[in-house]
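What follows is a single structure, written as structure tokens, with notes after it.
Letters A, B, ... are given to chains in the order of the sequence lines, protein chains preceding strands, and every chain is numbered from 1.
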2 protein chains.
Amino acid sequence: MDNTQLFRLIGTISRQATSEVNRSASVYGLDNNLFLYLIRIVEQDGISQVALANQIKVDKTTLSRALTKLTTAQLIVKRTNPKNKKFKQLYATAKGQTYYNKVYQMEQDYIEAVLKPLQPNEKAMLGQLLTKISPSE
Amino acid sequence: MDNTQLFRLIGTISRQATSEVNRSASVYGLDNNLFLYLIRIVEQDGISQVALANQIKVDKTTLSRALTKLTTAQLIVKRTNPKNKKFKQLYATAKGQTYYNKVYQMEQDYIEAVLKPLQPNEKAMLGQLLTKISPSE
DNA sequence: CCTTTATAGTTGTATGTTCAACTATATTAT
DNA sequence: ATAATATAGTTGAACATACAACTATAAAGG
């Protein structure tokens, strides 16, 4: 396998995973990556939009509109940081926590299925290698 | 790093790569993954749409419309398989080949940059591990 | 055969994505 | 201090995506 095949494989694996988890999450109305945003907000309470966008490498305008959907669904709230009014901090509601539990489990089920072919030491190695090529900022 | 972090990292790396290569390819009007489809068609002359969709894990209706764009731009042609009229085979035109050279080089440049942190043996290992978790069909 | 079922590809439609440009706030430089 | 610059977030508009449902062709079953 050459570098090109390797690189393209990452995209294929990712598209497959994204499609499949989104289809599962659509049961809760959390497709179009809404599940992903909710998960990150629950796990990083108070994060700002741009920080979140940079972390997961999604377009900030796409994220802005997706977060409006999560807000309308009352799964999160946007609170302007009183110390610095430029920032809106994101918090999950109680309802958001409940939905988080559902989609988190879906993600875990998918992860377990997809990583099943790997031994623990192989997973450790894969994690290290991916970390080396992960976006810096 | 746990399984969850590992899995999410694949998505992050892929989103970053997709965004960046698409932005580069937009110079040639080949963003929205058009560059990706063109590359695969050139490298697998005569492939059918569903076969291509399955291979790269994209929705067949999205692919159908994207290929209409490539056809309009005269980069590919769709030819009904005379042996089996259900299939439309995809072929690059001479113009498509020329554009292929451009976007292929862009992809190569990105690949070189992103895989630079890895030693040759690490790349071999990463390729093996990704192959193990790649979608079967 | 010929009816049923399966597969390839397209289209309608609702919704999502993303670029450019904008507002609002904060930071930096003179 | 205040003008210039930078950053966070939103919005308009053009276009892409993906589900459901469709047509067309072929394959399988009786």
Side-chain angles (χ1 to χ4, degrees), chain A residues 11 14-27 29-38 41 46-73 76-91 137, chain B residues 14-16 18-27 29-38 41 46-73 76-91 137:
Chain A
S14 177
R15 282 189 297 273
Q16 171 70 13
T18 299
S19 300
E20 201 161 323
V21 180
N22 270 311
R23 254 190 297 276
S24 300
S26 72
V27 173
L30 293 177
D31 48 349
N32 297 310
N33 283 347
L34 291 182
F35 78 93
L36 193 162
Y37 311 140
L38 177 61
I41 291 166
I47 193 173
S48 75
Q49 293 189 197
V50 167
L52 180 56
N54 285 338
Q55 182 173 101
I56 61 183
K57 299 301 173 189
V58 299
D59 181 83
K60 71 173 181 173
T61 70
T62 301
L63 183 61
S64 177
R65 289 187 157 108
L67 295 180
T68 298
K69 290 209 74 183
L70 288 180
T71 303
T72 303
I76 66 166
V77 293
K78 293 179 178 185
R79 191 168 70 88
T80 298
N81 183 329
K83 298 272 175 58
N84 186 334
K85 285 183 265 182
K86 266 170 59 175
F87 294 88
K88 292 195 181 169
Q89 296 181 288
L90 306 169
Y91 298 93
E137 161 201 338
Chain B
S14 177
R15 282 189 296 275
Q16 172 70 13
T18 298
S19 300
E20 202 162 321
V21 180
N22 269 311
R23 255 190 296 278
S24 300
S26 72
V27 173
L30 293 177
D31 48 349
N32 297 309
N33 282 347
L34 291 184
F35 77 92
L36 192 163
Y37 311 140
L38 177 61
I41 291 166
I47 193 173
S48 75
Q49 292 190 200
V50 167
L52 180 56
N54 285 337
Q55 182 173 100
I56 61 183
K57 300 299 173 189
V58 300
D59 182 82
K60 70 172 180 173
T61 70
T62 301
L63 182 62
S64 177
R65 288 187 157 107
L67 295 181
T68 297
K69 292 208 73 183
L70 289 181
T71 302
T72 302
I76 66 165
V77 293
K78 294 180 178 183
R79 189 168 71 91
T80 299
N81 183 328
K83 298 271 175 60
N84 186 334
K85 286 183 264 183
K86 264 168 61 175
F87 294 89
K88 292 196 181 169
Q89 296 182 289
L90 306 169
Y91 298 93
E137 163 196 338

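The side-chain contact (heavy atoms from CB on, under 4.5 Å) search around B:Val77 returns B:Tyr91, B:Thr93, not counting sequence neighbours. Under the side-chain contact (heavy atoms from CB on, under 4.5 Å) criterion, A:Ser24 pairs with A:Met106, sequence neighbours left out. The side-chain hydrogen bond (donor to acceptor under 3.5 Å, both in side chains) search around A:Thr71 returns none, not counting sequence neighbours. Looking at residues two or more places apart in sequence or on another chain, you find no side-chain hydrogen bond (donor to acceptor under 3.5 Å, both in side chains) involving B:Thr80. Among residues two or more places apart in sequence or in another chain, the side-chain hydrogen bond (donor to acceptor under 3.5 Å, both in side chains) test is passed with B:Lys78 by B:Gln49. By the side-chain contact (heavy atoms from CB on, under 4.5 Å) test, B:Ala53 pairs with B:Val58, B:Lys60, B:Leu63, sequence neighbours left out. Applying the side-chain hydrogen bond (donor to acceptor under 3.5 Å, both in side chains) test to B:Gln55 and every residue at least two apart in sequence or in another chain returns B:Arg40, B:Gln44.
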Interface polar pairs with nucleotides 22-27 of chain C, N/O, under 3.5 angstrom:
| residue | atom | partner | partner atom | Å |
| --- | --- | --- | --- | --- |
| C:dA26 | OP1 | A:Lys85 | N | 2.7 |

Any protein N or O atoms within reach of nucleotides 12-19 of chain D? Criterion: under 3.5 Å, listing atom names and distances.
| residue | atom | partner | partner atom | Å |
| --- | --- | --- | --- | --- |
| D:dG12 | N7 | A:Arg65 | NH2 | 2.8 |
| D:dG12 | O6 | A:Arg65 | NH1 | 2.9 |
| D:dA16 | OP1 | B:Lys69 | NZ | 2.9 |
| D:dA18 | OP2 | B:Thr62 | OG1 | 3.1 |
| D:dA18 | N7 | B:Thr61 | OG1 | 3.3 |
| D:dA18 | N6 | B:Arg65 | NH1 | 2.6 |
| D:dC19 | N4 | B:Thr61 | OG1 | 3.2 |

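For D:dT10, the OP1/OP2 oxygens have a side-chain nitrogen or oxygen of A:Gln49 closer than 4.0 Å. Between B:Ser48 and C:dA8 there is no side-chain N or O to OP1 or OP2 distance below 4.0 Å.
Note: NZ (B:Lys88) to P (D:dA24) measures 12 Å, nearest angstrom. The distance from atom CZ of B:Arg15 to atom C1' of C:dT18 is 16 Å, rounded to the nearest whole Å. To the nearest angstrom, C1' of C:dG9 lies 13 Å from CD1 of B:Ile76. Summarising the geometry, the separation between CG on A:Leu63 and P on D:dT10 is reported as 9 Å, rounded to the nearest angstrom. Distance, B:Leu90 CG to C:dA8 P: 13 Å, rounded to whole Å. Look at CG on B:Asn54: it is 10 Å from P on C:dG9, rounded to the nearest Å. The interatomic distance linking B:Phe87 (CZ) with D:dT25 (P) rounds to 13 Å, in whole Å.
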N/O donor-acceptor pairs under 3.5 Å from side chains in residues 29-36 of chain B, not counting sequence neighbours:
| residue | atom | partner | partner atom | Å |
| --- | --- | --- | --- | --- |
| B:Asn33 | OD1 | B:Asn22 | ND2 | 3.2 |

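Contact detail for B:Leu38 and B:Leu70: the closest heavy-atom pair is N-CD1, 4.0 Å. Of all heavy-atom pairs between B:Arg15 and A:Lys57, the closest is CB-O, 3.5 Å.
With hydrogens and angles ignored, the 3.5 Å screen pairs no side-chain donor or acceptor of A:Ser64 with any backbone N or O of A:Thr61.
Between its opening and closing five pairs, the helix from C:dC1-D:dG30 to C:dT30-D:dA1 changes axis direction by 30°, a value rounded to 10 degrees.
Nucleic acid contact class of A:Thr68 (heavy atoms, under 4.0 Å, all strands): none.
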